[in-house]
Amino acid sequence: MLSTSLKTAILVAIFIYFVILVLLLKQKRLALRYTLLWMFSGLLMLLVTIFPQILEGVTRLLGIQLLSNALFAILFFCVLMILISLTSIISKQNESIKQLVQHTALMEKRIRAIEEKDERL
Amino acid sequence: MKTLVIIPAYNEQENILNTIDDINRHCPEMDYIVINDCSKDDTEKILRENRKNYLSLPCNLGIGGGVQTGYRYACENGYDIAIQFDGDGQHEARYLHDLVAPLEAGAADIAIGSRFIRKEGFQSTGLRRLGIGFLSGMIKLLCGIRVTDVTSGMRAVNRRFIEEYARSYAQDYPEPEAIIAASVRGAKIVEVPVQMRERQGGKSSINPVRSVYYMIKVSLALILAKFSSKER
């Protein structure tokens, strides 16, 4: 079982976590499409804390000794998923930036050609 | 046929004019374009003041992104053949006619200039040759084609693969990957014997730490390219 004090601490932490998320979203410093994984992880934590039975089931199933270790394992998994999604976002943006840079260079060359023609007229 | 020589250049103020002269002297019928990959030295100034034909990237993209810009330019301007030709003075323009010959005859889609067929001219250092041999073996294993000089940046490509490369091209250390990517799309690839020189000036971009990274990255990329490039 989770001790009551640990449970309270986790609930408070999750509450603060959601307040921060919502505040950042309201100030538009986070885009919703990149925040869904964070929210999902928070909800999962909330679920597991309110219904520790789920956690106990997982703990027994995987043969983990301590309940809190199972909690950390789940958390760690969530963080890993978020990191992978961040790398994927970076890769996509990298490709977009590359195409933009190339496009700009091609446009700049066309502008230069037009200007040179103008000078000659 | 309308032919474009793509010259990627990063910090090549000492070599770039010589390279252009070399091409104009040996192949006056070919057009050229320099891709200045955001050089920190005076490369762009030299190109502008001498009214050379060039593209200037606003951010450094590395060799892959630079060369791809050249392919996009070739694609937009209706070239039949595009040639990659290093701006650092390693390549010699007197071999360009040999290089495009198989393409003009319709005998190949891609022609790669190789130092290791006649084994003449600058042959690179032993360790580097070992790496090239390893990658060459991998490409043989994965695609069944024999390419001796897999890292050669001197290659000619026909219209079909100008379009392919304009659409997608590997970003860093792209040369071996580009061979596999083309091969799985059914390219006929041939090698043409050429000689290369040692770099004339400037600095090579490869050091010991990077070469380990290079081998791992390229090996993985080759396997990945083999098994994933059918889809777009």
Side-chain angles (χ1 to χ4, degrees), chain A residues 21 24-25 27-41 44 62 72-121, chain B residues 4 6-10 31-39 43-45 47-79 82 162-163 165-172 174 177 217 220-221 224 228 232:
Chain A
L21 263 187
L24 286 176
L25 275 170
Q27 295 167 6
K28 303 212 186 264
R29 282 160 65 189
L30 278 180
L32 189 60
R33 53 191 289 221
Y34 300 137
T35 322
L36 288 177
L37 255 181
W38 289 106
M39 287 198 174
F40 176 75
S41 304
L44 193 69
L62 299 179
F72 286 132
I74 293 174
L75 240 176
F76 189 66
F77 177 75
C78 289
V79 172
L80 268 187
M81 293 316 284
I82 291 171
L83 283 180
I84 291 174
S85 85
L86 285 180
T87 311
S88 147
I89 292 164
I90 291 174
S91 307
K92 243 184 266 161
Q93 292 191 338
N94 183 38
E95 176 64 23
S96 309
I97 291 172
K98 186 190 83 181
Q99 288 186 14
L100 282 173
V101 166
Q102 293 176 337
H103 191 73
T104 320
L106 289 163
M107 289 299 130
E108 189 257 353
K109 160 114 183 77
R110 279 161 78 170
I111 293 173
R112 225 184 317 128
I114 293 169
E115 282 176 351
E116 271 169 25
K117 217 186 273 170
D118 267 7
E119 272 169 37
R120 259 181 268 126
L121 289 176
Chain B
L4 176 74
I6 300 167
I7 312 167
Y10 178 66
D31 295 340
Y32 72 89
I33 185 144
V34 180
I35 315 290
N36 170 38
D37 192 7
C38 203
S39 297
T43 305
E44 181 173 12
K45 193 169 151 237
L47 290 167
R48 190 174 53 239
E49 282 172 0
N50 291 282
R51 299 197 149 247
K52 299 300 183 189
N53 196 35
Y54 72 95
L55 282 166
S56 216
L57 301 178
C59 303
N60 181 272
L61 289 185
I63 180 79
V67 165
Q68 192 185 23
T69 317
Y71 283 120
R72 284 177 66 165
Y73 178 83
C75 196
E76 283 179 11
N77 292 279
Y79 283 95
I162 289 176
E163 288 169 13
Y165 283 161
R167 209 174 300 130
S168 93
Y169 198 75
Q171 265 202 62
D172 45 345
E177 227 180 303
K217 191 253 163 189
L220 277 177
L224 213 68
S228 68
R232 290 273 150 70

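Order of the sequence lines fixes the chain letters, A, B, ..., with proteins taken first and strands second; residue numbering starts at 1 for each chain.
For B:Q171 against A:E95, the heavy-atom pair with the smallest separation is NE2-OE1, 4.3 Å. Contact between B:L55 and A:A105 at its shortest, heavy atoms only, is CD2-O, 3.2 Å. Of all non-hydrogen atoms in B:P58 and A:T104, the two that sit nearest each other are CG-CB, 4.1 Å.
Neither the backbone nor the side chain of B:Y71 comes within contact range of chain A; no heavy atoms are under 4.5 Å apart. For B:I35, no part lies under 4.5 angstrom from a heavy atom of chain A. Within the 4.5 angstrom heavy-atom criterion, atoms from both the backbone and the side chain of B:L57 approach chain A. Using a 4.5 Å cut-off between heavy atoms, A:E116 touches chain B through its side chain atoms alone. Within the 4.5 angstrom heavy-atom criterion, atoms from both the backbone and the side chain of B:Q68 approach chain A.
Interatomic distance, A:K98 NZ to B:Y169 OH, rounded to the nearest 0.5 Å: 10.5 Å. For the atom pair CD (B:E76) and CG (A:L106), the distance works out to 5.0 Å, reported to the nearest 0.5 Å. Going from atom NE2 of A:H103 over to atom OG1 of B:T69 covers 12.0 Å, rounded to the nearest 0.5 Å.
Under a cut-off of 6.0 angstrom, the local environment of NZ in B:K217 is crowded, with over 12 non-hydrogen atoms contributed by other residues, nucleotides or ligands.
Applying the side-chain hydrogen bond (donor to acceptor under 3.5 Å, both in side chains) test to every pair with at least one member in residues 79-94 of chain A, sequence neighbours left out, gives no pairs at all.
Using a 4.0 Å cut-off between charged nitrogen and carboxylate oxygen, A:E108 and B:R48 do not count as a salt-bridge pair.
Checking side-chain atoms of A:R112 against main-chain N and O of B:Y54 turns up a donor-acceptor pair under 3.5 Å.
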